[in-house]
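Some notes on the structure that comes next.
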Amino acid sequence: MNLPDCLFCKIANKDIPAKVVFEDETLIAIEDINPAAPVHVLIIPKDHIVSLADIKPEDETVLGHIQVIAASLAGDLKLADQGYRLVNNCGEWGGQTVMHLHYHLLGGRHFGWPPG
Ligand code: 5GP
Ligand code: ZN
């Protein structure tokens, strides 16, 4: 399902351009427009899911697929040896600004902990 006014639905539909890193039937991976690291890819399910707080049992397959593709992309992007971070920001306090579920694949520098 797609929402007409959702940024990531529009990107998944190719109504708004993005630098596509990977795409298949269920998800699209694009370069973040405002990268927070040398590698910053957004992994976005094509179906509109608002946030991690909104997932349903039937979303389990696509959520698992996102992790498999994240690991595969991290390998392709030469991040696996030094390490990388896969992040989901959920809701206002989690820092989510686009209300369509997505994961940030970040790499190419050292990340601190705890996050800000
Ligand atoms: P959030 O804060 O919701 O976890 O992450 C949203 C991300 O989407 C941010 O890192 C932001 O830079 C990125 N973003 C916002 N608008 C666009 C856009 O139009 N194109 C792309 N490629 N990324 C975007
Ligand atoms: Zn959407």
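Whatever order the structure lists them in is the order used to number ligands and atoms, beginning at 1. We count residues from 1, following the sequence as given.
- Expressed to the nearest 10°, the angle at the Zn ion (ligand 2) joining SG in Cys9 with ND1 in His48 is 110°.
- Near Asn34, meaning under 4.0 Å from one of its heavy atoms, ligand 1 places the atoms 12 (O).
- Listed by number with element, the atoms of ligand 1 under 4.0 Å from a non-hydrogen atom of His102 are 1 (P), 3 (O), 4 (O), 5 (O), 6 (C).
- The distance criterion of under 3.5 Å between nitrogen or oxygen atoms is not met by His40 with respect to ligand 1.
- Each of Val62, Ile43, Ile49, Val50 was compared with Leu101 under the side chain to side chain contact (heavy atoms under 4.5 Å, CB included) criterion, and only Ile49 meets it.
- For the pair Ile28/Lys14, a side-chain contact is recorded, criterion being any heavy-atom separation below 4.5 Å from C-beta on.
- Counting atoms of ligand 1 from 1 in the listed order, those under 4.0 Å from a heavy atom of Thr97 are 1 (P), 2 (O), 3 (O), 5 (O), 6 (C).
- Contacts between Lys19 and ligand 1, counted as non-hydrogen atom pairs separated by less than 4.0 Å, are absent for every part of the residue.
- With hydrogens left out, the protein atom closest to atom 12 (O) of ligand 1 is Asp32 OD1, 2.5 Å, a heavy atom.
- Considering CG of Asp24 and NE2 of His65, their distance stands at 3.5 Å, rounded to 0.5 Å.
- Within His100, the N, O or S atom at minimum distance from the Zn ion (ligand 2) carries the name ND1.
- Atom CD1 of Ile16 and atom CD1 of Ile30 lie 10.0 Å apart (nearest 0.5 Å).
- From Asp59, atom CG reaches atom CG of Asp54 across 8.5 Å, with rounding to the nearest 0.5 Å.
- Under 4.0 Å from ligand 1, the heavy atoms of Phe8 that appear belong solely to its side chain.
- Put simply, part of Gly95 is less than 4.0 Å from ligand 1, judged by heavy atoms.
- No N or O atom of Leu7 sits closer than 3.5 Å to an N or O atom of ligand 1.
- His40 and His104 have tilted rings, their planes meeting at an angle from 30° to 60° on a 0 to 90° scale.
- Annotation: Glu58, atom CD; neighbour count of heavy atoms from other residues, nucleotides and ligands within 6.0 Å is above 12.
- Counting only heavy atoms of the protein, atom 22 (N) of ligand 1 lies nearest to Glu31 O, 2.9 Å.
- Linking ILVMFWY side-chain heavy atoms closer than 4.5 Å, directly or via other members, places Leu77 and Ile44 in two distinct hydrophobic clusters.
- Looking at Ile16 against ligand 1, nothing comes within 4.0 Å, counting heavy atoms.
- Taking only nitrogen or oxygen atoms, main chain and side chain alike, Ile30 does not reach within less than 3.5 Å of ligand 1.
- Under a 4.0 Å criterion applied to the non-hydrogen atoms of His104, ligand 1 contributes the atoms 1 (P), 4 (O), 5 (O), 7 (C), 10 (O).
- The distance from atom CD1 of Ile66 to atom CG of Leu73, rounded to the nearest 0.5 Å, is 11.5 Å.
- Listed by number with element, the atoms of ligand 1 under 4.0 Å from a non-hydrogen atom of Gln96 are 3 (O).
- Rounded to the nearest 0.5 angstrom, Cys6 SG and His48 NE2 are separated by 5.0 Å.
- A distance of 11.5 Å separates CE in Met99 from CG in Leu3, rounded to the nearest 0.5 Å.
- For ligand 1, the polar-atom distance check finds no N/O of Leu42 at less than 3.5 Å from any of the ligand's N/O atoms.
- Of the options Leu52, Leu27, Leu42, a side chain to side chain contact (heavy atoms under 4.5 Å, CB included) to Tyr103 is made by Leu52 and by none of the others.
- Looking at Ile33 against ligand 1, both its backbone and its side chain come within 4.0 Å, counting heavy atoms.
- The residue Val87 has no part lying near ligand 1, judged by heavy-atom distances below 4.0 Å.
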